[in-house]
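Below is one structure, written out as structure tokens; comments come after it.
Scope of the values below: all heavy atoms of this structure, side chains included, with no hydrogens, waters or symmetry mates.
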Amino acid sequence: MTLEFDDPHHLLSAQARRMMQRCADFAQQQEGLDRKLCVYVRIVDDEEIRRINREQRGKDAATDVLSFPTVSYPAGRTAGTCPALVRREYDPEADACMLGDIVISMDHVRAQAREYGHSEQREYGYLLTHGLFHLMGYDHVKEEDRPAMRAMEEKTLARVGLTREE
């Protein structure tokens, strides 16, 4: 999977980008997708994510991560079970199927890493992975959907070495 980063304030190190790329590659493997995929990742502060959240979702609040999928999967289905829907998002310029956009607030990364007692690397790895699974059709709004999404996130993060015990 290709991650196209937009980090205008240079908030991510090269090491952070490499680790996030590993998360993306393992998330794609977990989902069983063998096509070339691309995701746009924008790194912002709380002020910017609040603006995006207000404009796109009508919620006037900063948050940790936002996901904007290009595919609308049928209820109970994910990218791995809908390859034709993913294939429709092929972008010849990127030579990949576009899954969507993820926006991550580094202000939230720092605060939540402190709050949960783990590294910023674990937090932005988790937020990227969480966003990727949203782009692949997973959700956690309904309680019965939460375990499947959490299991995919935890398996992916474990493969990268970003476990809760870190």
Side-chain angles (χ1 to χ4, degrees), residues 1-7 12-44 49 52-53 56-57 63-106 108-109 112 118-164 166:
M1 179 182 305
T2 301
L3 297 180
E4 295 281 337
F5 287 98
D6 180 10
D7 182 11
L12 286 181
S13 67
Q15 177 186 8
R17 289 173 189 235
R18 285 191 300 274
M19 187 278 303
M20 292 171 87
Q21 182 62 61
R22 289 181 60 223
C23 288
D25 292 340
F26 286 131
Q28 179 174 347
Q29 287 175 12
Q30 282 295 125
E31 185 60 14
L33 296 167
D34 59 3
R35 307 193 71 68
K36 284 178 146 182
L37 303 174
C38 187
V39 172
Y40 177 80
V41 181
R42 182 165 172 83
I43 306 299
V44 300
I49 207 165
I52 294 167
N53 203 16
Q56 298 298 317
R57 300 177 63 233
T63 189
D64 52 3
V65 62
L66 294 170
S67 301
F68 300 100
T70 57
V71 178
S72 179
Y73 302 96
R77 305 286 300 276
T78 63
T81 63
C82 298
L85 289 178
V86 174
R87 218 176 4 259
R88 285 187 204 148
E89 298 305 320
Y90 180 75
D91 179 342
E93 193 173 305
D95 188 30
C97 298
M98 302 299 291
L99 287 182
D101 302 343
I102 296 173
V103 183
I104 297 174
S105 166
M106 284 302 285
H108 264 71
V109 165
Q112 289 176 177
H118 55 240
S119 69
E120 289 180 11
Q121 179 174 298
R122 165 63 160 95
E123 190 63 24
Y124 54 67
Y126 169 74
L127 293 176
L128 175 78
T129 301
H130 183 80
L132 288 170
F133 282 111
H134 274 304
L135 297 184
M136 290 188 276
Y138 290 82
D139 209 348
H140 52 86
V141 174
K142 295 182 200 164
E143 192 58 41
E144 64 265 19
D145 296 335
R146 188 177 303 246
M149 185 170 184
R150 292 291 181 252
M152 294 297 277
E153 293 167 348
E154 292 302 326
K155 286 178 193 173
T156 298
L157 292 170
R159 294 211 36 213
V160 179
L162 296 176
T163 61
R164 289 183 189 269
E166 183 188 16

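You'll find the side chain of Q56 stays beyond 4.5 Å of the side chain of L66, heavy atoms only. Using a 4.5 Å heavy-atom cutoff, the side chains of H108 and V65 are not in contact. Residues M152 and T78 are not in side-chain contact: their nearest non-hydrogen atoms beyond the backbone lie 4.5 Å or more apart. In this structure the side chain of L12 reaches within 4.5 angstrom of the side chain of M106, judged on heavy atoms. The shortest distance between side-chain heavy atoms of E31 and Y138 falls below 4.5 Å. Inter-residue side-chain proximity for E4 and T2 is flagged as met; some heavy-atom pair is nearer than 4.5 Å. With contacts defined as side-chain heavy-atom distances shorter than 4.5 Å, the pair I52/F68 qualifies. Looking at heavy atoms from C-beta onward, V39 lies out of side-chain contact with L128 at the 4.5 angstrom threshold.
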side-chain contact (heavy atoms from CB on, under 4.5 Å) between L157 and Y126, intermediate numbers included
CA-CA 7 Å; L157 292 170; Y126 169 74; 3.7 Å; yes

Would you check, one step at a time, whether the test side-chain contact (heavy atoms from CB on, under 4.5 Å) holds for T156 with F133?
CA-CA 10 Å; T156 298; F133 282 111; 3.5 Å; yes

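Nearest heavy atom pair, residue E123 against residue V109, reads CG-O, 3.6 Å. Residues T129 and E153 share a closest heavy-atom pair of CG2-CA, 4.0 Å.
The aromatic rings of H134 and H130 sit perpendicular to each other, their planes meeting at more than 60°, with 30° as the lower class boundary.
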Residues 15-25 side chain polar contacts: donor-acceptor under 3.5 Å, at least two apart:
| residue | atom | partner | partner atom | Å |
| --- | --- | --- | --- | --- |
| R17 | NH2 | D7 | OD2 | 3.4 |
| Q21 | NE2 | M1 | O | 2.4 |
| Q21 | NE2 | D25 | OD1 | 2.9 |
| D25 | OD1 | M1 | N | 3.2 |

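A donor-acceptor distance shorter than 3.5 angstrom exists from the side chain of Y73 to the backbone of L135, with no hydrogens or angles considered. The backbone N or O of A151 sits nowhere less than 3.5 Å from a side-chain atom of Q30 that would complete a donor-acceptor pair. Side-chain N or O atoms of E89 include none that pairs as donor or acceptor with a backbone N or O of C97 at under 3.5 Å. Distance alone, capped at 3.5 Å, places no donor-acceptor pair between the S105 side chain and the I49 backbone.
Of the charged side-chain nitrogens involved, at least one lies within less than 4.0 Å of a carboxylate oxygen, so that D95 and K36 count as a salt-bridged pair.
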